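Presented below is the structure to which this report refers.
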Amino acid sequence: MDASLVLIQFLNGMQLGVLLFLLASGLTLTFGIMDFVNLAHGSLYMIGAFFCASLTFWTGSFVWGLLLAIPCTALVGLAVELVVIRHLYARDHLDHVLATFGLILCFDTLTQLVWGPEGISVPLPSWLDGQVTLPGDIVFPTFRLVIILGGLVVAGGLYWLVNHTRLGMLIRAGASNRTMVGALGIDIQTLFTAVFALGAVLAGLAGMLIAPITEASIGMGNEIIITAFVVIIVGGIGSMKGAFIAALMIGLIDTMGRSFLDDLFKLVMSTEAAETSAPAVSAMLIYILMAVILAIRPQGLFPPKVR
Amino acid sequence: MAEVSATGPAGRLSRISVTNGFMLASLVALAVVPVIIYAAGNAFWLDIATRLVVLSIAAVSLNLILGFGGMVSFGHAAYLGIGAYCVGIPTYHALFGEFEMIASNNGFFHIALAVAISALFALIVGAICLRTKGVYFIMITMAFGQMVFYLFVSLEQYGADDGLVITSRSELPGIDTGNPLAFYFLCYGSLLAVLYLVHRIVNSRFGMVIQGAKGNEDRMRSLGYSTYIYRLAAFVIAGAICGYAGALLGNFTSFISPEMMDWAASGELMFMVILGGASSVFGPVIGAAIFLLLEQLLSSFTVHWHLPFGIMLILIVLFVKGGVSGLLDRLGR
């Protein structure tokens with residue numbers, strides 16, 4: 001294990017971490033404020049990626065594609081909220097789960113009908129497509145670095161939005177006591193819609209950012225959404241701070257585990273045993289971490305104070 | 001059964017006769033129709049019937065915790081997968097050597113292994129999940145289900161995500177499991193046994209505690225019941241039954257892949273339970289039947305059958321309460 005490889009994997013872990021945060025922040029917002037479980041959150045991530053792909057080809061520029069895909073994803077989020085989600089807030093969580101499971105099936109099939117079954121790769125402009133040399137002679141893809149920085153900026157923006165704006169005040173008030181906020185004359189329905197659309201945009205943004213690296217593909221959201229669930233469970237459902245810390249933690253542990261677990265195992269067992277068991281253990285690593293954390297703190301690391 | 005939700009003697013009588021009559025008719029149909037299908041040489045519909053019965057067992061086991069216990073487990077397909085791999089892995093080693101200890105084609109061994117490992121996994125998962133409530137419970141069961149999925153995806157030796165071909169069916173004395181009709185009746189007999197077992201559990205003192213804890217946990221605790229232990233026991237029983245269904249499923253499909261236990265599969269099991277009505281022991285069988293018929297019907301129109309299916313799912317959640325059993329109840333009223 002040499003140091004620069006560890007640093008590169010650390011940055012890769014950070015990149016996964018900020019993407020997970022973008023997804024988890026929307027999930028935790030909708031849960032914290034509306035008490036709503038949205039399994040279809042990953043579908044918005046997928047939709048964001050596909051919008052970004054199409055608009056990149058249409059405008060000829062990834063940056064324009066991304067900027068235009070944001071309002072498109074917001075519109076999809078609004079439509080979903082108005083047609084389906086809005087009618088479910090008063091229902092129990094089982095109904096949320098079933099209806100949003102239905103939404104996933106619809107989204108996956110519709111996406112396939114519109115964009116075809118193949119994945120679409122998204123080209124990057126040349127200034128983003130290269131590599132940069134960081135201090136310590138570490139060569140790292142420029143775009144991945146942009147994802148990390150962009151993600152951190154969005155995280156900062158969310159912190160400002162939630163803690164220092166009027167909308168953020170309403171969001172926090174809504175999270176601690178919905179009925180009271182409504183009684184004080186705030187249009188709670190509009191607030192819910194706005195929060196849902198915000199969550200949709202954040203998820204879509206994560207999809208747009210990952211699309212040039214992987215590609216936009218059907219069902220891409222269904223894999224990462226489970227990891228995002230693990231993030232908000234570990235962080236404490238409804239907590240923004242918890243989502244941020246847990247996202248980085250899970251991103252780092254998952255990436256590091258996949259890269260270095262076999263080396264670690266070789267220290268204590270035979271090479272052959274390490275090479276068979278390491279992939280299995282690293283695939284389960286974040287779930288084991290979740291289990292351990294829940295065994296100690298059933299409400300996650302940072303449970304919201306009021307609920 | 002319907003007794004639980006009965007309000008008065010008069011309503012109770014008519015409702016029991018409607019639901020019970022329907023249940024008896026369905027069970028008789030399940031015993032008779034496959035024989036006719038088989039005699040007519042229609043292997044396809046016998047396959048559907050076998051799948052229906054196996055999935056029914058899984059759905060009935062999920063309903064024990066979901067419908068009666070209020071524990072919304074979103075990782076139940078994991079037990080189906082575990083059960084199927086408990087058939088696949090020993091047969092694999094019986095053919096290719098290695099791991100002499102578990103290499104076997106013996107059906108009793110497969111079933112015992114499937115039930116034991118599923119119960120053990122349910123014990124571990126349940127012990128952690130049941131400390132939490134509500135959304136946490138849903139998401140954690142889902143995450144653990146997905147953990148098993150990724151575990152089998154990472155096991156190169158057993159085919160990873162390509163899956164594992166199960167070369168021969170479990171060998172049971174007196175039953176020719178290779179014969180489709182004989183295998184069907186093995187599954188059908190299992191379904192009857194499981195229905196009876198769950199019926200007895202639900203109506204026992206134990207089952208009353210589980211249902212009481214669903215309705216008002218604080219009250220049950222103040223009555224002196226350790227609800228955690230009761231729930232955990234129910235969770236383990238449900239996992240074990242579903243593991244058994246998995247062993248049957250592995251035998252039936254002769255193939256097992258991690259895809260059979262990803263969270264979409266768990267969602268489908270939940271759909272069967274809810275559609276059939278979570279408040280009756282027999283409901284999930286109706287749910288499974290409707291699910292399979294829908295699947296066949298919709299996929300005969302279009303390869304994109306998930307779209308109408310998804311829309312139906314949303315509409316059912318929005319507009320139909322209590323599933324089909326609920327509808328039957330209301331008809332009988």
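FYI, side chains are in, hydrogens and waters are out, and symmetry mates aren't considered; it's all heavy atoms of this structure. Bear in mind the structure is a predicted one, so any value in this text is a computation, not a measurement.
- In the displayed structure, A:Glu223 atom CD is contacted under 6.0 Å by at most 12 heavy atoms of other residues, nucleotides or ligands.
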Hey, mind stepping through B:Val135 and A:His96 against side chain to side chain contact (heavy atoms under 4.5 Å, CB included) and telling me if it holds?
-> CA-CA 10 Å; B:Val135 186; A:His96 298 173; over 6 Å; no
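- Of the possible donor and acceptor atoms, none in the side chain of B:Tyr136 sits under 3.5 Å from a partner among the backbone N and O of A:Ile233.
- Residue B:Glu259 places its CD atom among 12 or fewer non-hydrogen atoms of other residues, nucleotides or ligands, all under 6.0 Å distant.
- Residues A:Leu94 and B:Met270 form a side-chain contact, since some pair of their non-hydrogen atoms from C-beta on lies under 4.5 Å apart.
- With a threshold of 4.5 angstrom between heavy atoms, A:Ile225 approaches chain B through side-chain atoms but not through N, CA, C or O.
- Note that CG of B:Leu318 and CG of A:Leu98 are 11.0 Å apart. Values are rounded to the nearest 0.5 Å.
- Taken from CZ in B:Arg131 to CD1 in A:Ile296, the straight-line distance is 9.0 Å, to the nearest 0.5 Å.
- What you find for A:Pro298 and B:Thr132 is that their closest heavy atoms are O-CG2, 3.5 Å.
- Most heavy-atom pairs under 4.5 Å with chain B: of the set A:Asn222, A:Val84, A:Thr227, A:Val230, this distinction falls to A:Asn222.
- Top candidate by heavy-atom pairs under 4.5 Å with chain B, chosen from A:Ile232, A:Leu113, A:Leu88, is A:Leu113.
- Taking CG of A:Leu103 as the reference point, atom CD1 of B:Ile314 lies at 4.0 Å (rounded to 0.5 Å).
- Contact record, A:Ala291 with B:Ile128: CB-CD1, 3.7 Å, taken as the closest heavy-atom pair.
- B:Met139 has its side chain within reach of A:Ile237: a pair of non-hydrogen atoms, C-beta onward, lies under 4.5 Å apart.
- For the set B:Met142, B:His304, B:Gln146, B:Gln157, the count of heavy-atom pairs under 4.5 angstrom toward chain A peaks at B:His304.
- Only the side chain of A:Met290 comes within contact range of chain B, with heavy atoms under 4.5 Å apart.
- The CG atom of A:Leu294 sits 4.5 Å away from atom CD1 of B:Ile140, with the distance rounded to the nearest 0.5 Å.
- With a 4.5 Å cut-off on non-hydrogen atoms, B:Ile124 does not touch chain A at all.
- The two atoms that bring B:Leu155 and A:Ala280 nearest to each other are CD2-CB, 4.4 Å, heavy atoms only.
- For A:Gln299, the parts lying under 4.5 angstrom from a heavy atom of chain B are both the backbone and the side chain.
- In this structure, A:Tyr287 and B:Tyr150 have parallel ring planes: the angle between them is below the 30° cut-off, well short of the 60° mark.
- Looking at B:Ile311, both its backbone and its side chain come within 4.5 Å of chain A, counting heavy atoms on both sides.
- Across all their heavy atoms, A:Cys106 and B:Gly310 have their closest contact at SG-C, 3.7 Å.
- With rounding to the nearest 0.5 Å, the separation of CD1 in B:Ile316 from CG in A:Asp95 is 11.5 Å.
- Counting heavy-atom pairs under 4.5 Å between each of B:Phe74, B:Trp263, B:Phe149 and chain A puts B:Trp263 at the top.
- No more than 12 heavy atoms of other residues, nucleotides or ligands shown are found within 6.0 angstrom of NZ on A:Lys241.
- Between atom CZ of residue A:Phe229 and atom CD1 of residue B:Ile138 there is a gap of 9.5 Å, rounded to the nearest 0.5 Å.
- Proximity to chain A is limited to the side chain of B:Val72, based on heavy atoms less than 4.5 angstrom apart.
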